Structure formats: C-alpha cells, structure tokens
Amino acid sequence: MRIVMIGSGYVGLVSGACLAALGHDVVCVDKSRDKIEALQAGKVPIYEPGLEMVIADNCAAGRLSFSGDLVGPVAAADAVFIAVGTPSRLVDGHADLSHVYAAAREIAAAATGFTVVVTKSTVPVGTGDEIERIFREEFPQKDIAVVSNPEFLREGAAISDFRRPDRIVVGSDDERSTELMRDIYEALDLKEMPLYFCERRTAELIKYASNAFLAMKITFINEMADLCEELGADVQKVAKGMGMDRRIGDKFLQAGPGFGGSCFPKDTLALVKTAQDYDRPLKLIETTVAINENRKRAMGRRVIAACDGSVRGKRIGVLGLTFKPNTDDMREAPSIAIIRTLLDGGADVHVYDPAGMEAARAVLGAVKYRRNAYEVAEGADAIVLVTEWDQFKSLDLPRLKDLMKSPVVVDLRNVFDEDEMIGHGFQLVPLGKRPRSAYPARTLFHAVPPELAWNPLL
Ligand code: UGA
C-alpha cells in the first residue's frame, strides 16, 4: 500500500514509521524544510524511545522516505493521512483546524484515482464532514473518501502502543475505504487487537471521550489524594483496592501534580467548547479542567508549606520537568506552574530533567539548570520531585541528604519509599497520605482549620 503522512510531528512521524514497519511504502511530508532535511540526514527531531531505530530500519529497507513536497507522493498514494497540529485557538479554546483544512485542499488538488484521506490528528466531531464538503464542492471531479482513524499513542510508549493497541478505531461511511483501512492494518494481529469500525462522527468522538474520561479518572484520584491526607488514608492503597475491581481497572489512578502534555489539556478544553456550542454542557469535564488547572499551582504552595510557609531566599531543587517521563515534552507540564509559584514566592530554583532541559529553557523563567539530581540537591532547603523518571528511583540517598541544607523532600509522584527515606533522615512529604515522621505535630492534624489543612506541616 502506498501511504503519505502529512505532518511529520509526533503523531505523523511515529505513525508513518510504524506503518512502514508493517510493510507499506510511506512518505512523510512536512512544510518545515529544516525538519525534512534533518530526517533525510537520519536525525530524529523528537525524543521517543525506539523511534530512531524504526525510522533507520525502514529508511534502509526503502519503505520510508521524507519529502517537503506533497504533490508527487499524494498523486501516487492509496491513502493520505492528515497528522498536522490542531492547537487550541488562543481566543476561545476551540481546536484550530486551519492546518487540517489547508492540508485537505492540497491533497485534493494533487490526488489522482481513488484516494482515501484519513484524519489522524485529533479533530472535533464533524471535521470529516467538512473535509468531505470541501472535496465535493471544490474538487467535484476527484474520487476521494474521508475516514477518521484517531490515534491513541502515549508519548514515551508510542511504538509499543502502535504495535499492540487496545483497539484501532476506524470511522468510515464508505465500503471501499473500509476495505482499504482493513488492508493497511492487516499485518497487525487483528484477532488480538480489534479493528473497530463505526461511523465517522462516532470515531471522532471516541477519541475525545477517551481522553476526557482518562483525564477525569486522574482528576478523581487526585482529589481522593487530598481527601486521604485529611482522613489519614493512603491514596496508593485506595487506588489499588479500587483497581482490583475490573469494572474500574487499575490504570490511570496514580495521584500526581495534575495531568499535562499536548493532549489531555487541549482535548478536554476542545470537548468542553464543542459541548457548550451544542448546548449540551459536559459539567464533569468542565470541572475536571478547572480542578486540574488549580492543582498545578496548589502543588507549588504545597512545597512552600513544607518550607515552613515561605521559600523567600530559600533554594528549592526540582527533579523532573517534562509532563511525564520518557519524553522531552514540556507542553502544559505541571512543573511550569509549580516553578512559577516558587519563583513568585521568592525561591532560588535549581532544576534538572533527564531529557527536557532544552525544551524547559524556552518556557521556564529565571531558574538555574543543573546537570544532575545531586547538583540540584547541593545546598537545597527542599527538593520537589515533579516527574517520575526511573533514574530518580535509584538515587544514592545518603549522598543526596548530605548535599542538602535541609533534608525536606516533597514527592509529588510517590516515587520514594517512606521507610527508606525516613531511615536516611529525610523529612518526606508524600502525596495522598500523611507524612509519617519528622513532624511531631501530626496528631494535631484534625485540629487544623480547613483552609490550612493542605499544609502538610501543620
Ligand atoms: C494521552 C493518552 O494516554 C493517549 O492514549 C492519547 O493517544 C494521547 O494522549 C493523545 O491524545 O495523543 P499522553 O499525553 O502521551 O497520552 O500521556 P499519558 O501517559 O496519557 O499522560 C498524560 C498526563 O497524565 C501526564 O501528565 C501524566 O503524568 C498524567 N497521569 C497519567 C497521571 O497523573 N496519573 C496517571 O495515572 C496517568
């Protein structure tokens, strides 16, 4: 099958490379000359474990190539995937579809013979209809079908997610394109991973509904974490006990500093806006968005509380900046709001991330960039762990403590083992459970007025 992928960003590059690995001839197209030249020279512009090798192997096998021009590749293609960006529009939070429609017009102009146009970008319900309308009105002589095939890849695990998806959703209202999509994916073991066919609008909504549900699940456990701290329960054990019920499942129940990334914040907002436009407001998702937004700064205040209520003039170390581990992506990362809160409070903030330092420089303010966790610990009044990179799970704890001025660690991902930390003399502030030691006033917990109750030191 000859496939063209329009947009060589995260989704396009991963999907294009993985489709080539299934045996198809794939051309990834992008308007950025620099990006295409880098890819042609074997440089992969994004951080994704395993991707470089998939790209190298398939380029070497002659199945994968890169081009700045779509006309030739599209003319020869059976299927053209649209994987361009759909950022939130600054004015109103709706998804900005200008790139999608521009790509659709260029594809239609170049297409010859029967061509299936597949939207891979996350697009609001009805976008496929609008693309079809453009084709019908502006290119009536062309034989083009429009299909929705949303992606469910997670950054950091995208290659394995592509190879072993829970499902592949295909929204198609046309028999020929349904068959073509079946042919594209047939190299995957479809007995194990069902190809789920539905109408195009339904497929578009499945993507938003899935992301919104997951975002809501995370927000649910984050609120439960706050309640656990008040009640003297342990959120990790609550999550485990809940997750044993297969109707609930144990995934996406890790309490943390709030969800970030390029998908959940943007997609929840876009879904909220769509629902409002149709006069069917989604109150649960509206609340999810608001809670998550507040939570990020609240995590900054949590660090301030752990420093006796003030970080003015204090050195605070931050471990992990990216929105989650195994990515260099800083988009909507909770670390940004947390660090801003600390800087507003007058802290001297020292940061380290295994992969996100370059991206962080573009979005963080006046912080100091250090080369590893131990440099971050040097002279620190407190450390806050924001992103759960594996390397932070195996730190030399005695060394870390010796370097710190005061051994306060605020763990926003519950990475550290409490007994071990306490054994090494740290004052650990975990998330979703009461700190166990070094805070003699713990027994006063219930006497704390509600407005101060989040303060783990009271
Ligand atoms: C998410 C979805 O998981 C993918 O299925 C989807 O394809 C993708 O969005 C997309 O729409 O393109 P991604 O943004 O890469 O993938 O990251 P996730 O692993 O879902 O994590 C999102 C955020 O939730 C992170 O900030 C993470 O730290 C947070 N999270 C996740 C939690 O706080 N707790 C959890 O239990 C799980």
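Both counts, for ligands and for their atoms, begin at 1 and track the order of listing. Remember, predicted model here, so these are calculated numbers, not experimental data.
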For Ile144, which residues count as a side chain to side chain contact (heavy atoms under 4.5 Å, CB included) partner, sequence neighbours excluded? Ala108, Ala111, Val117, Phe135, Lys142

Walk me through it: do Asp344 and Arg297 pass the test salt bridge (charged side-chain N to carboxylate O under 4.0 Å, His left out)? CA-CA 11 Å; Asp344 290 349; Arg297 273 189 85 90; 3.0 Å; yes

Arg434 backbone acceptor or donor facing Glu229 side chain under 3.5 Å: no

Ligand-protein N/O pairs under 3.5 Å (ligand 1):
{"unit_1": "ligand 1", "atom_1": "5 (O)", "unit_2": "Phe152", "atom_2": "O", "d": "3.0"}
{"unit_1": "ligand 1", "atom_1": "7 (O)", "unit_2": "Glu151", "atom_2": "O", "d": "3.4"}
{"unit_1": "ligand 1", "atom_1": "7 (O)", "unit_2": "Glu151", "atom_2": "OE1", "d": "3.4"}
{"unit_1": "ligand 1", "atom_1": "7 (O)", "unit_2": "Phe152", "atom_2": "O", "d": "3.4"}
{"unit_1": "ligand 1", "atom_1": "7 (O)", "unit_2": "Leu153", "atom_2": "N", "d": "3.0"}
{"unit_1": "ligand 1", "atom_1": "7 (O)", "unit_2": "Leu153", "atom_2": "O", "d": "2.8"}
{"unit_1": "ligand 1", "atom_1": "7 (O)", "unit_2": "Lys207", "atom_2": "NZ", "d": "3.3"}
{"unit_1": "ligand 1", "atom_1": "11 (O)", "unit_2": "Lys207", "atom_2": "NZ", "d": "2.6"}
{"unit_1": "ligand 1", "atom_1": "11 (O)", "unit_2": "Asn211", "atom_2": "ND2", "d": "2.7"}
{"unit_1": "ligand 1", "atom_1": "12 (O)", "unit_2": "Glu151", "atom_2": "OE2", "d": "2.7"}
{"unit_1": "ligand 1", "atom_1": "15 (O)", "unit_2": "Glu155", "atom_2": "N", "d": "2.7"}
{"unit_1": "ligand 1", "atom_1": "15 (O)", "unit_2": "Lys324", "atom_2": "NZ", "d": "3.1"}
{"unit_1": "ligand 1", "atom_1": "17 (O)", "unit_2": "Lys324", "atom_2": "NZ", "d": "3.0"}
{"unit_1": "ligand 1", "atom_1": "19 (O)", "unit_2": "Lys324", "atom_2": "NZ", "d": "2.9"}
{"unit_1": "ligand 1", "atom_1": "26 (O)", "unit_2": "Gly260", "atom_2": "N", "d": "3.0"}
{"unit_1": "ligand 1", "atom_1": "26 (O)", "unit_2": "Phe323", "atom_2": "O", "d": "3.0"}
{"unit_1": "ligand 1", "atom_1": "28 (O)", "unit_2": "Phe323", "atom_2": "O", "d": "3.4"}
{"unit_1": "ligand 1", "atom_1": "28 (O)", "unit_2": "Arg413", "atom_2": "NH1", "d": "3.0"}
{"unit_1": "ligand 1", "atom_1": "28 (O)", "unit_2": "Arg413", "atom_2": "NH2", "d": "3.4"}
{"unit_1": "ligand 1", "atom_1": "34 (N)", "unit_2": "Gln254", "atom_2": "O", "d": "2.9"}
{"unit_1": "ligand 1", "atom_1": "36 (O)", "unit_2": "Leu253", "atom_2": "N", "d": "3.4"}
{"unit_1": "ligand 1", "atom_1": "36 (O)", "unit_2": "Gln254", "atom_2": "N", "d": "2.9"}

Tested for side chain to side chain donor-acceptor pair (under 3.5 Å) against Arg200, the lone hit among Asp174, Asp129, Asn149 is Asp129

Under 4.0 Å between a side-chain nitrogen and a carboxylate oxygen: does that hold for Arg182 and Glu179? yes

Salt bridge flag under 4.0 Å for residues Arg436 and Asp419: yes

